[in-house]
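The block underneath contains the structure these notes are about, expressed in C-alpha cells.
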Amino acid sequence: MSYRTEEVAYVQPAQPAAAAQAAQQQRSTAEYRALDAAHHIHPFSDMGSLNRSGSRVIVKAQGVYLWDSDGNKIIDGMAGLWCVNVGYGRKELADAAYRQMQELPFYNTFFKTTHPPVIELSALLAELAPEPFNHFFYCNSGSEGNDTVLRIVHQYWATQGKHSKKFVISRKNGYHGSTIAGGTLGGMGYMHEQMPSKVENIVHIDQPYFFGEAEGNLTPEEFALARAQQLEAKILEIGADNVAAFIGEPFQGAGGVIFPASTYWPEIQRICRKYDILLVADEVIGGFGRTGEWFAHQHFGFEPDLITLAKGLTSGYVPMGAVGLHDRVAKAIIENGDFNHGLTYSGHPVAAAVAVANLKLLRDEKIIDRVKTDTGPYFQKKLRDTFANHPIIGEISGAGLVAGLQLAEDPKARKRFANGGEVGTICRDFCFNGNLIMRATGDRMLLSPPLVINKLEIDEIVSKAKKAVDATAQQLGIS
Ligand SMILES: *Cc1c(COP(=O)(O)O)cnc(C)c1O
C-alpha cells in the first residue's frame, strides 16, 4: 500500500476504504457549507454571520499553495496559522507519523516511563536551542505551554523560598493563547470580557506599539524604552518581592506583527535581572525560524529564562507544544521533588516523531539560513519598495518572513482610520477574492508565509497584496 495521502484521497482511490473516503471528500461546496453551518462551531467566529456567508472549504495543499473545494488555487501568506514552516505536503513528516503510529502510537511519560521519539526530540531541541536551554516539558498547544509556564514559575519561586512572588506581568494586546490562563495572560480585552473568571495575580502594562500609541516627537527608540520602563514602574508598584515573572512575545504576532525598537528588550532584561524576576519569551510564533534566527529572542538579543514553543515545532502537521527551561530554572525544578503537572499527551510519540522530522528538515535543508540571508531580506525589501509612499500604508514592520502592514488614513501624520477594523476587513476580503491569504488584525495586514517560499512566490504574494491594498484605497476614495 503506498502512503501518499494526496493520491489516495484525490487521484487514485485504489482501496475500497479510500474510495469511500474520496467520495466523502467530493461533496459539493454547497453541501460542505450546509453541513458545516449545521454542526460546526468555529473558533473566534461570529457563527450566525459566518453561516449566512458560508466558509471557504480548503481541501488540499502543496508547498505554499492551498486549494479550495471550488478548485481555486490560493497562495498562503499565513503558513496556515503562523505554523506550517516547512510548507505543505512534506512526505518526510507524513512518513515519520506513519512509522511511529505502527511502532508505538501512544505511550505516556508519567510513571517512570519514556520512549525514543520524546528522547530524540529533547536531545535535538537542546542542540538547536541556545546554549542554556537543555530541558523541555511537552504539551499539545501554545496555550497549554503558557499554562505550564505559570506552573513552572510558581514552582521555581517556591523552591527558592520566595512564596510571595506570585504576580506575573504581561502586556496589553499580547497574545498567549485561549485557555483561561493563556487568555488572562494575553491582553485582548474582548477575550477577557467573555471569561467566567480570570487567573489571579496577572497584570498588564502597555505594548511597544509605536505607530499607534507614540505621542509627541518621541523616536521609536525613545518610545520603546519608555514602554519597557513601565515594567519597572509596575514592579515598584506591586513590590519586587511579589513579582514572579514577566512574559512577552519577542514580537507581537496576533496583536499585529508589532516589532519593538532595538532599545526595548535589553531594557526589559535589565529590569528583570535587577528585581530578580523571571523573563519568559513566548516563542510560539517567533520560534523555529520566522525572523531568520532559530528563536526570535536571538533576533532581539536577549536571554529569557523560559521559552514557550508550539506552532512551528511540528510545522502544524500534528499538535504539539513545549516549554524550554534555562539551566538555572531547570536545576531548581529537577532538584526539588515532585512537579505536579502533566497532560495525557505530554511528549506524544507521534507528535514527537513529526517534530524531529520537521526540525531535521529545517536544519538539514538550511531553510532558516535561507530566511536569514536570502528570502527574508528579499521579502522585506520587496514589501518596503512596493508600499513606499502608498497613500494608506503607514508602516511596514517585520524581519525575515513575517511582516505587518499598517493601514492608515494619513501615513505621514501617523493617523489611523477611526474604524480601523472595518478597513482591515475590507482589505482582507480583497486578498481573499484575489486568492491570497493575508490576515487582518484591526487595521494591520499580516503576512507570515511558509519558510520554504521562493522569490517568485514572494513576488506573487506582494503583487496580490498590492492589488488588495490599492482596491481598499479605491473603495475608501483615497488615492
Ligand atoms: C498561537 C499562539 C499561542 C497559542 O497557541 P495555541 O496552540 O493556539 O494554543 C500562544 N502564544 C502565541 C504567541 C501564539 O501566537
Side-chain angles (χ1 to χ4, degrees), residues 104 106-126 129 131-170 176-177 179-185 197-202 240-247 272 276-284 303-310 313 319-352 355:
L104 178 72
F106 176 72
Y107 200 72
N108 73 72
T109 49
F110 279 32
F111 311 117
K112 300 186 176 177
T113 58
T114 186
H115 50 69
V118 78
I119 294 167
E120 296 298 341
L121 174 58
S122 305
L124 185 55
L125 279 171
E131 209 273 319
F133 289 90
N134 291 294
H135 295 85
F136 299 87
F137 182 97
Y138 298 96
C139 50
N140 307 290
S141 67
S143 304
E144 289 180 359
N146 287 324
D147 277 36
T148 300
V149 159
L150 289 186
R151 309 287 279 273
I152 293 173
V153 162
H154 290 295
Q155 173 81 349
Y156 175 80
W157 289 117
T159 68
Q160 307 301 299
K162 298 197 173 170
H163 298 278
S164 63
K165 276 185 164 304
K166 285 202 175 1
F167 276 86
V168 175
I169 301 174
S170 72
H176 298 295
T179 53
I180 302 278
T184 310
L185 283 170
S197 59
K198 291 185 216 159
V199 173
E200 287 174 18
N201 303 324
I202 292 174
D241 286 346
N242 300 321
V243 181
F246 171 77
I247 183 170
C272 288
D276 203 13
I277 282 154
L278 292 178
L279 172 51
V280 185
D282 183 337
E283 290 271 6
V284 170
E303 186 181 283
D305 298 294
L306 292 162
I307 50 179
T308 317
L309 309 172
L313 173 59
M320 184 176 233
V323 176
L325 292 75
H326 191 290
D327 286 343
R328 63 174 160 261
V329 178
K331 191 164 183 291
I333 300 294
I334 290 165
E335 289 175 2
N336 285 283
D338 281 338
F339 178 50
N340 294 309
H341 173 53
L343 301 145
T344 300
Y345 298 138
S346 286
H348 193 285
V350 175

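Side chains are part of it too, since the values below use all heavy atoms of this structure and drop only hydrogens, waters and symmetry mates. It should be emphasised that the depicted structure is a prediction, and the values quoted were computed from it without experimental measurement.
- The minimum heavy-atom distance linking Ala322 with Leu313 is given by the pair CB-CD2, 4.1 Å.
- Exactly one residue among Thr148, Val149, Leu150 makes a side chain to side chain contact (heavy atoms under 4.5 Å, CB included) with Ile152. That residue is Thr148.
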> Where do His115 and Thr109 land on the side-chain contact (heavy atoms from CB on, under 4.5 Å) test, with the steps shown first?
Replying inline: CA-CA 8 Å; His115 50 69; Thr109 49; 3.8 Å; yes
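- Scanning both residues, Tyr107 and Thr113, for their nearest heavy atoms gives CE2-OG1, 3.5 Å.
- Note: His326 and Phe133 have perpendicular aromatic rings, judged against thresholds of 30 and 60 degrees for the angle between ring planes.
- Applying the 6.0 Å contact sphere to NE2 of His135 captures no more than 12 heavy atoms from other residues, nucleotides or ligands.
- Under the side chain to side chain contact (heavy atoms under 4.5 Å, CB included) test applied with Val243, the options Val168, Ile277, Leu278 reduce to a single match, Ile277.
- Salt bridge annotation for Lys165-Asp276: absent, with no cationic side-chain nitrogen under 4.0 angstrom from a carboxylate oxygen.
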>> Assess the residue pair Leu325 and Leu306 against the criterion (side-chain contact (heavy atoms from CB on, under 4.5 Å)); give the C-alpha distance rounded to whole Å, side-chain angles, the decisive distance to 0.1 Å, and a yes or no.
In response: CA-CA 5 Å; Leu325 292 75; Leu306 292 162; 3.8 Å; yes
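- A donor-acceptor contact shorter than 3.5 Å is absent between the side chain of Ser164 and the backbone of Asn242.
- In this structure, the side chain of Asp282 does not engage the main chain of His176 through any donor-acceptor pair within 3.5 Å.
- Ion pairing of Asp241 with Lys162 is absent here, as no side-chain N (NZ or NE/NH1/NH2) approaches a carboxylate O to less than 4.0 Å.
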